[in-house]
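Okay, so here's the structure we're looking at.
Chain naming here is simple, since letters A, B, ... match the order of the sequence lines and numbering starts at 1 in each. The structure presented is a predicted model; accordingly, all values stated were derived computationally and were not measured.
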Amino acid sequence: SQQGEEDPQALSIQEGENATMNCSYKTSINNLQWYRQNSGRGLVHLILIRSNEREKHSGRLRVTLDTSKKSSSLLITASRAADTASYFCATATAYNTDKLIFGTGTRLQVFP
Amino acid sequence: ETGVTQSPTHLIKTRGQQVTLRCSSQSGHNTVSWYQQALGQGPQFIFQYYREEENGRGNFPPRFSGLQFPNYSSELNVNALELDDSALYLCASSRGAGAQETQYFGPGTRLLVL
């Protein structure tokens with residue numbers, strides 16, 4: 001079953017611009033995690049945000065979480081061509097604590 | 001680099017055959033989770049092993065089975081392969097059971113079933 005849905009499905013921007021990706025989910029969560037995947041390879045962990053947190057930063061990444069709206073956003077500032085990848089949100093729900101449930105991802109293309 | 005390794009990187013099998021995929025977890029991690037990712041989709045949880053015991057299972061049939069060894073490495077076995085089993089298989093290791101901590105993924109094994 002799908003818990004998270006990313007929006008948009010695809011995003012194309014120029015280097016230096018900011019990229020914002022959104023994730024909505026359906027049931028209560030313990031945490032939400034963002035991952036990056038390059039060309040169908042392994043997933044790289046970006047940020048984990050817990051249900052009692054509202055915002056986290058890591059370098060050029062900023063993640064927000066709004067549990068009342070069941071949504072999260074990932075902002076990449078000053079994007080680079082190397083940021084081109086698919087980005088997934090994954091939730092650890094309060095009811096199925098053993099697994100991450102992934103969305104379908106946002107494909108980001110950053111043009112030099 | 002996460003320190004999680006998977007083998008083989010690619011595999012071609014025919015329908016009805018059996019396959020074993022392997023995963024070595026990151027040092028200090030006692031939990032391994034397996035995911036299946038079909039083309040253009042997000043990963044789907046298959047099952048998780050914590051200290052050599054299955055600790056949760058997704059919506060996959062019994063022909064998907066696993067094992068975790070005392071060194072916390074793990075195997076995923078798939079019997080009676082079907083065409084729809086063609087996918088990228090990812091393993092992830094973490095420090096504790098469940099999904100409450102960061103999961104570190106390996107590079108994956110791409111399986112093609114003909």
Side-chain angles (χ1 to χ4, degrees), chain A residues 1-7 9-10 21 23-53 56 58 61 63 72 74 85-107, chain B residues 1-7 9-10 23-24 26 29 31-51 53-60 66 86-112:
Chain A
S1 62
Q2 188 174 311
Q3 159 81 326
E5 280 192 21
E6 286 91 341
D7 170 61
Q9 290 186 329
M21 287 158 267
C23 169
S24 59
Y25 56 90
K26 297 173 185 173
T27 60
S28 295
I29 61 169
N30 286 337
N31 70 67
L32 185 146
Q33 305 183 31
W34 284 92
Y35 288 85
R36 184 185 76 226
Q37 185 176 40
N38 292 81
S39 301
R41 299 296 291 166
L43 295 160
V44 175
H45 180 262
L46 298 176
I47 288 183
L48 182 154
I49 187 165
R50 301 194 187 278
S51 59
N52 61 351
E53 297 175 311
K56 285 189 88 167
S58 177
L61 307 180
V63 166
S72 173
L74 169 66
S86 290
Y87 291 82
F88 293 91
C89 69
T91 53
T93 73
Y95 307 103
N96 290 295
T97 59
D98 54 348
K99 60 187 175 187
L100 287 176
I101 303 176
F102 284 82
T104 52
T106 292
R107 290 186 306 280
Chain B
E1 293 290 328
T2 62
V4 179
T5 61
Q6 291 187 243
S7 62
T9 55
H10 295 83
C23 171
S24 292
Q26 188 166 308
H29 289 183
T31 302
V32 172
S33 303
W34 286 92
Y35 293 82
Q36 180 196 66
Q37 186 179 22
L39 205 59
Q41 301 294 316
Q44 290 203 10
F45 177 77
I46 303 174
F47 42 57
Q48 181 183 86
Y49 279 84
Y50 169 64
R51 293 185 175 177
E53 298 284 335
E54 188 177 289
N55 183 57
R57 189 179 182 91
N59 190 26
F60 281 80
S86 295
L88 181 67
Y89 288 85
L90 297 160
C91 78
S93 75
S94 54
R95 278 203 179 87
Q100 307 315 310
E101 301 298 327
T102 298
Q103 298 197 4
Y104 295 88
F105 283 80
T109 293
R110 190 165 293 283
L111 172 66
L112 178 60

Handout entry: Residue among B:S33, B:P107, B:P43 with most heavy-atom pairs under 4.5 Å to chain A
Key = B:P43
Problem - chain B contact via A:R50 - which portion, at a heavy-atom distance below 4.5 Å - result: side chain
Handout entry: Contact leader toward chain A among B:G106, B:G58, B:G42, B:G108, where contacts are heavy-atom pairs under 4.5 Å
Key = B:G42
Problem - Crowding at CZ, B:R57 (>12 non-hydrogen neighbours, <6.0 Å) - result: yes
Exercise for the section: Kindly compute the distance separating CD (B:Q103) from NZ (A:K99), expressed to the nearest 0.5 Å. Expected result: 12.0 Å
Exercise for the section: Measure the CD-CD distance between B:Q37 and A:Q37 for me, rounded to the nearest 0.5 Å. Expected result: 4.0 Å
Exercise for the section: Take atom CG of B:N59 as the centre, draw a 6.0 Å sphere, and report whether it contains more than 12 heavy atoms from other residues, nucleotides or ligands. Expected result: no
Completion exercise
For B:L90 and A:R41 the tightest heavy-atom approach is CD2-O, 4.4 Å
Fill in the blank from the handout: d(B:F105 CZ, A:Y35 OH) to nearest 0.5 Å is 5.0 Å
Exercise for the section: Work out which heavy atom in A:Q33 is nearest to a heavy atom in B:T102; give both atom names and the distance. Expected result: OE1-CA, 3.9 Å
Exercise for the section: Check each atom of B:R110 against the heavy atoms of chain A and say whether the ones under 4.5 Å are side chain, backbone, both or neither. Expected result: side chain
Fill in the blank from the handout: Whatever's closer than 4.5 Å to a heavy atom in chain B on A:L43 counts as both
Handout entry: Contact winner vs chain A - B:Y104, B:F47, B:Y50, B:Y35, heavy-atom pairs under 4.5 Å
Key = B:Y35
Fill in the blank from the handout: Separation between CD (B:E101) and CG (A:L48), nearest 0.5 Å, reads 7.0 Å
Practice task
State whether the number of non-hydrogen atoms from other residues, nucleotides or ligands found under 6.0 Å of B:E54 atom CD is greater than 12.
Solution key: yes
